[in-house]
Amino acid sequence: MDLQNADCVLIEGSNMAEAHPVGFQWVVEAKRRGATVIHVDPRFTRTSALADVHVPIRAGSDIAWLGGLINHVLQNDLDFREYVVAYTNAANLIDDEFKDTEDLDGLFSGFDPETGHYDPISWHYEPPEEMSEDDREVEREVERDQHAHEGSGDSHKESHQMARSESHGSGGAPVLWKGRRDETLQDPHCVFQILKRHFARYTPEMVREVCGVEPGKVAEVAEMMARNSGRERTTALCYAVGWTQHSTGAQMIRAAAILQTLLGNIGRPGGGILALRGHASIQGSTDIPTLFNILPGYLPMPQAASHQDLDAWVEADEGKAGFWGNVRSYAVSLMKSYWGDAATADNDFCFDYLPRITGDHSTYNTVKAMIEGRCKGYFLVGENPAVGSSNGKMQRLGMAALDWMVVRDLQMIESATFWKDGPEIETGELVTEEVGTEIFFLPAASHVEKAGTFTQTQRMLQWRDKAVEPPGDARSELWFYVELGNRIRQKLAGSSDEMDRPLLDLAWDYPYTEDGEPSGEQVLREINGVDADGKALSSYTELKADGSTACGCWIYSGVFADETNQARRRRPHWEQDQVAAEWGWVWPANRRILYNRASAAPDGTPWSERKKYVWWDAEANDGKGRWTGADVPDFVPDRPPDYVPEPGAKGPDAIGGQDPFIMQTDGKAWLFAPVGVADGPMPTHYEPAESPLHNPLYGQQNNPARRKVDHIENAINPSWSEVFPYVFTTYRLTEHHTAGGMSRTLPYLSELQPEPFCEVSPRLAAERGLEHGGWATIVTNRAAIEARVIVTRRLRSLRLGDRMVEQVGLPYHWGGNGITTGDSANDLVNLTLDPNVYIQDKVGTCDIRPGRRPRGRALLAFVEEYRRRSGVDMAHPEDGGADG
Amino acid sequence: MSRGERSMVPEPEFSSYYGRPILKEPTWKTPDVPLYLFAGGLAGASAVLAEGAALTGRPGLERVARLAASGGATAGTVFLVHDLGRPERFLNMLRVFKPTSPLSVGSFVLAPFSSLSALAAVSVVTGRLRGPGRLAGLGAAALGPPLATYTAALVANTAIPAWHEAHRELPFAFGGSGAAAAGGLGMLLAPAAETGPATRMALLGGALELAATQRIDGLGLVAEPYREGPPGRLMRTARSLTLAGAALTVAGAKWRPLRRLAGAAYLAGSLTMRFGVFEAGLASARDPKYVVVPQRERMERRAKMGV
Amino acid sequence: MSLFSEGRLWGRLDDVQHDAGYDEHPPRMGFFTDTSVCIGCKACEVACKEWNEIPENGYLLTGMSYDNTGALGASTWRHVAFVEKPLTGQETDLGMPGLGPPAGESQAAESGDAGIQWLMSSDVCKHCTHAACLDVCPTGALFRTEFGTVVVQPDVCNGCGYCVPACPYGVIDVRKEDGRAFKCTLCYDRLKEGQQPACAQACPTESIQFGEVSELRLRAANRLQELKDQGVDAAQLYGADPDDGVGGDGAFFLLLDEPEVYGLPPDPIVTTRDLGSIWKHVGGAAAAVAALGVASFLGRRR
């Protein structure tokens with residue numbers, strides 16, 4: 001909702017109007033108030049229709065474009081200097097061992113080609129001028145490590161943070177020290193100058209060559225954004241899976257963060273970066289996670305090798321500056337909520353009961369494990385990987401190799417019926433009688449048939465009441481999991497096996513409401529947390545490390561404050577101010593804009609009257625002063641702007657009065673990330689794993705740290721291949737929902753988009769003989785699918801340097817079940833993963849031909865022929881043949 | 001872009017939504033509605049012919065015409081009811097009387113006309129109830145011309161360009177056509193000695209029909225469907241048949257069979273004309289050009305006049 | 001005042017409900033659809049079908065941009081139109097997506113700004129001040145509600161279909177399987193409960209605005225001025241003028257191009273305006289038939 005305050009909105013990697021139509025009303029409101037809306041997208045979409053400027057771009061080249069904007073800002077001194085100096089690490093000096101991609105033709109220093117990992121040690125800050133004894137000890141350790149493992153393996157790198165996402169939670173990797181700074185930003189080793197050098201290559205001409213964007217556009221958009229930044233104005237940026245679903249996805253978002261930070265838009269009203277999540281409660285599903293590497297509230301999952309006890313587990317983050325330093329309290333409270341009375345100080349609060357990870361257990365690796373027989377069972381709950389996950393064939397082959405699978409869904413989805421009518425049945429790769437998987441289909445209640453919260457893209461929890469009873473045997477997830485837990489515990493009752501204790505010791509007594517459902521409100525209350533007396537907590541600051549508090553998710557603490565379901569509040573926004581704090585509840589602490597200390601100048605006064613948000617009121621609190629404003633201040637409430645922390649201060653005490661970025665251990669926004677990012681301290685453009693071009697910037701073609709999935713069904717299209725000359729990308733339509741289970745089964749939605757189609761430019765249509773309304777077959781080395789053809793000028797032919805690049809657009813909603821059916825676009829997508837979050841490229845290369853695809857065995861031969869022609873090395877199918 | 005044949009004149013420039021129709025084509029069925037138009041015209045004019053025959057002592061002609069009036073009205077009612085989406089609810093037509101609705105007005109004409117002409121016909125055939133029968137016949141004759149011409153209001157009081165823009169001419173075309181049909185039927189079936197008035201009615205009616213449809217042809221772009229394509233062919237065929245009727249009448253001055261043929265030609269011409277008008281309307285609804293171009297021209301004219 | 005004079009059947013009519021016979025009535029309610037903020041999400045289409053339990057209307061990929069609904073009809077009461085317009089100078093464009101390379105367009109013209117405009121608009125029954133459908137309905141199934149809206153009573157309609165060709169906008173139609181005519185009711189049932197129509201409720205960007213027609217007209221005029229000030233010359237109101245050919249629409253629009261680009265008639269006039277003339281000519285023709293009948297019997301006996 002804060003978007004309405006923006007003076008300029010850049011939407012990129014997102015088709016916001018299409019995928020977030022309700023949220024988009026706030027962009028429309030901003031426009032009504034005079035904001036400029038810019039949409040950067042490979043296609044001209046429903047969002048572009050309402051934007052003031054549309055910039056067509058080659059899918060996957062966003063870092064180059066953003067780099068171009070950053071370069072323009074840096075070269076022309078358009079940054080918000082005061083903000084940059086005070087609130088970012090622009091002034092920090094970096095170790096002179098650091099080498100940039102400029103020096104190493106596309107690599108940063110510290111890359112180990114054997115493991116494909118970076119060691120970030122050379123990226124660290126120069127130590128402070130005045131070093132404490134602790135600091136010197138750390139420095140010596142660092143030196144030792146640096147020399148000790150030159151050229152050896154990776155396991156010893158635990159002493160300083162591994163650049164891998166599962167090594168720490170999402171609370172911000174700690175730096176070694178706050179480091180030396182040059183606030184004039186002139187020192188050649190300062191971040192600002194490093195940034196300048198790094199992005200100098202991203203000239204408008206380079207942007208043209210990489211992205212197909214006209215050179216003048218870079219200056220135009222950069223000026224628009226810069227004009228709308230600074231004290232008096234703010235620019236907001238929105239992104240979605242157009243950025244996240246790339247093997248360089250995290251760095252794309254980093255580039256945007258750098259741009260917004262340079263312009264001084266973070267933490268300010270109408271500013272910031274809004275991550276538009278994929279569907280209704282997916283934010284909630286990372287907050288209370290279903291991800292392998294994090295626990296509720298983004299605590300890291302313990303690792304088998306390095307975390308033998310609780311101390312070891314919290315050691316890396318404990319005591320570090322900022323609220324993350326209290327991680328022990330959050331962790332202990334979490335375990336208390338899991339195991340209740342069984343969790344005591346003596347047994348490390350049942351730390352041993354927590355699962356451990358041993359590496360990358362992400363979904364695509366798990367699918368590979370399924371195919372290879374190492375993973376036996378699968379719960380699919382409101383998920384349809386046969387259509388919705390990349391490399392559809394691998395998904396289905398994985399499911400076919402399981403012993404058992406439980407599918408809970410509203411509809412009979414493709415993942416439940418793949419064994420009788422999936423694409424592999426048609427080709428003969430799977431034979432129904434030979435699929436050994438025992439599949440249990442359990443009907444699920446829909447969102448109006450159960451009560452609970454959704455956590456949407458704004459971090460807002462909104463409670464929904466139950467409206468109707470679920471039909472027949474359909475049950476809610478809550479009922480299912482509580483019941484599952486009950487039955488398993490029943491079966492294990494009386495067991496003396498140590499292995500069973502984690503289940504038997506669970507605090508699993510959930511009260512039921514009169515409709516036979518476990519009480520969602522009580523679960524929410526448990527998530528909120530209770531104190532030693534069993535009273536609901538009001539904030540995560542009340543969490544203790546001594547076992548007296550229990551809390552299911554520390555960032556949600558406060559949602560049930562005052563024994564009231566805060567998520568259920570519905571005061572209409574026209575009865576409230578611009579922040580509308582009484583609608584729903586936002587984590588953390590109902591704080592709507594994070595890092596909002598940055599909305600005030602270093603001295604605590606607002607940057608301007610117009611953009612007043614949170615500021616220091618020196619008179620309040622009996623003259624001691626307090627931060628005040630429209631929103632909950634994201635800062636220590638009574639810490640004055642001029643506060644300097646004691647040397648050696650820990651936790652929240654280490655936050656200085658001018659350190660708005662309280663989750664970072666140095667309190668500053670990181671233009672340069674010395675730790676915490678797996679593929680580089682700064683974003684660099686690399687080509688997607690499948691690309692028609694050589695990387696115009698460097699010899700390093702692809703993200704060197706990208707994760708590959710080694711399987712013959714994941715044969716990557718060789719880059720710059722004549723056989724696959726076109727770029728394809730997948731996306732959403734408003735009328736359908738993800739894998740289609742909730743839309744292609746409904747007449748009213750199916751009739752709105754009744755058939756799968758691809759979108760092509762007129763030039764591509766002419767080149768390949770495609771007819772508007774006719775059929776086309778789209779091929780990659782993994783699969784071939786068919787779709788109807790829509791020829792439209794909304795797909796531009798892009799001129800990259802002196803060649804034309806064409807893009808094929810594919811909505812991904814279709815599968816074999818429902819009213820409207822068709823081939824799944826995700827069958828085309830390859831698995832090459834971002835090293836930070838293991839998310840795949842949704843862009844790749846393809847060929848497109850007129851006419852419908854071959855069927856049955858002929859389809860396999862057809863794809864095989866493409867593999868042969870493109871020269872895929874089936875011994876190393878995951879290599880695009882580009883480089884390491 | 002027009003469906004069907006291209007015109008020789010360059011296409012007028014206009015915008016449309018993918019060439020889709022703006023108006024909805026009537027859901028009126030064919031042949032039901034064209035047959036109804038024909039039957040109504042035949043019946044209405046026949047009632048007048050019958051009354052004249054009764055007044056001038058031509059019982060043979062009267063008999064034919066009375067039966068035509070009643071039969072036509074009955075047939076018309078059947079076609080009308082059959083054309084309804086919910087035929088069982090046909091009586092709802094008589095719930096209200098709305099002068100703004102030619103269909104309402106027409107129902108209140110057709111209903112009494114049907115009863116009156118039926119009574120008159122029964123009376124003539126059975127020879128009973130002569131008194132009431134004569135009165136009924138008089139009543140039917142009074143309602144006859146309205147019955148024969150109100151159908152023009154029915155089609156013209158729509159947004160269909162080919163019909164609405166011809167709203168001045170269609171009543172005369174329909175009236176004349178009804179007369180031609182009534183006269184033609186008389187020529188065909190009445191005793192030779194009594195066919196005189198029928199012959200004259202057919203001739204006069206046919207002339208009126210031809211004159212009116214000729215005027216319609218000159219109405220510009222909106223009348224294009226009357227000139228081109230399948231509706232154009234129907235209209236031209238109708239014209240030829242009616243002219244043939246006149247020619248055969250003259251040629252058959254001495255030979256009855258030719259005059260019978262003439263009567264049939266008049267009947268066929270009248271019927272074909274109804275189909276032609278109907279199809280022309282549908283065609284003008286289908287092509288957005290017939291809505292957009294005249295309306296744009298109208299707007300320009302108003303602008304020039306400073307309105 | 002005669003039935004056929006201005007104000008009764010055509011022209012400006014300020015109190016449409018009073019004219020229909022209501023002594024006391026609430027203010028006239030309607031829609032202002034501001035297509036400049038429409039995102040083409042079709043929530044209006046779905047909400048309407050859900051609330052009114054309208055049957056689905058066929059699964060056909062039309063190729064007309066993202067419009068697979070086609071047009072308003074008996075089973076479509078909200079229809080979102082999509083027009084992809086290249087931003088060239090002359091417009092003889094039929095608004096069709098490119099069928100192969102546009103003749104004569106240089107390929108060097110690619111890349112750069114998309115140079116395209118995508119118009120989106122949610123069409124609906126206009127609930128005209130002078131509604132031809134209502135005027136021609138012989139059973140009285142179509143009537144004017146106390147809110148000034150035009151509604152068909154499904155229990156009276158006998159499917160005569162007269163309303164269908166009468167509508168100058170091509171809105172109302174007969175549902176084949178059913179036999180009766182159907183169209184938007186402006187959610188009469190919801191209005192009676194003080195709620196807004198389903199489509200207005202669902203529209204996320206407030207493209208569909210529901211309210212008192214008089215107030216909506218003011219809002220629309222302001223919005224038009226706002227757009228003109230921003231340099232959007234093509235912006236125009238459609239159906240907002242009480243002096244237009246149907247006396248103004250209860251549901252009117254702000255368009256970003258000429259009406260016919262969206263499939264709307266540029267200058268709709270209620271057919272009833274010419275009814276006086278029509279009846280006059282019918283009268284004349286009837287008299288001619290009578291006269292012709294008399295003349296047939298004059299002269300020598302034969």
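Just so it is clear: chains get the letters A, B, ... in the order the sequence lines come, proteins before strands, and each one is counted from 1.
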With a 4.5 Å cut-off on heavy-atom pairs, point out which of I57(A), T45(A), V760(A) contacts chain C the most.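 Among the listed options, the one with the most contacts to chain C is T45(A).
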
Partner chain C: residue of T734(A), T820(A), L746(A), T47(A) with the largest heavy-atom pair count (under 4.5 Å):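 The residue among T734(A), T820(A), L746(A), T47(A) with the greatest pair count is T734(A).
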
Measuring heavy-atom distances to chain C, does [X] have an atom under 4.5 Å in its side chain, in its backbone, in both, or in neither?
| X | answer |
| --- | --- |
| E771(A) | neither |
| E755(A) | both |
| L733(A) | side chain |
| V22(A) | both |
| I819(A) | side chain |
| S750(A) | both |
| L749(A) | side chain |
| E29(A) | neither |

Residue pair E18(A) / Y66(C): nearest heavy atoms and the distance that separates them: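 Closest heavy-atom pair between E18(A) and Y66(C): OE2-CE2, 4.1 Å.
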
Taking all heavy atoms of A49(A) and all of M120(C), pick out the closest pair and write down the distance.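 Looking at all heavy atoms of both residues, the closest pair is CB-CE, 3.4 Å.
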
Crowding at CD, E206(C) (>12 non-hydrogen neighbours, <6.0 Å):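 For E206(C), atom CD is not crowded (no more than 12 foreign heavy atoms under 6.0 Å).
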
Report, as yes or no, whether the 6.0 Å neighbourhood of atom NZ on K228(C) holds more than 12 heavy atoms from other residues, nucleotides or ligands.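 Yes, enclosed.
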
For the pair Q753(A) and N68(C), evaluate side chain to side chain contact (heavy atoms under 4.5 Å, CB included) and give the outcome as yes or no after the intermediate values. CA-CA 6 Å; Q753(A) 291 285 12; N68(C) 293 305; 3.0 Å; yes

About how many Å separate [atom2] of [Y] and [atom1] of [X], when rounded to the nearest 0.5 Å?
| X | Y | atom1 | atom2 | answer |
| --- | --- | --- | --- | --- |
| L50(A) | W118(C) | CG | CH2 | 11.5 Å |
| K31(A) | Q230(C) | NZ | CD | 7.5 Å |
| T792(A) | I116(C) | OG1 | CD1 | 5.0 Å |
| F757(A) | L61(C) | CZ | CG | 7.0 Å |
| R794(A) | S65(C) | CZ | OG | 5.5 Å |

What's the verdict on salt bridge (charged side-chain N to carboxylate O under 4.0 Å, His left out) for R793(A) and E84(C), showing C-alpha distance, side-chain angles and the deciding distance? CA-CA 8 Å; R793(A) 290 199 190 95; E84(C) 297 177 25; over 6 Å; no

Is there any residue in residues 32-60 of chain C with a non-hydrogen atom under 4.5 Å from a non-hydrogen atom of chain A, and which ones are they?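 Answer by number: S36(C), V37(C), C38(C), I39(C), G40(C), C41(C), K42(C), E45(C), V46(C), K49(C), E50(C), E53(C), I54(C), P55(C), E56(C), N57(C), G58(C), Y59(C), L60(C).
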
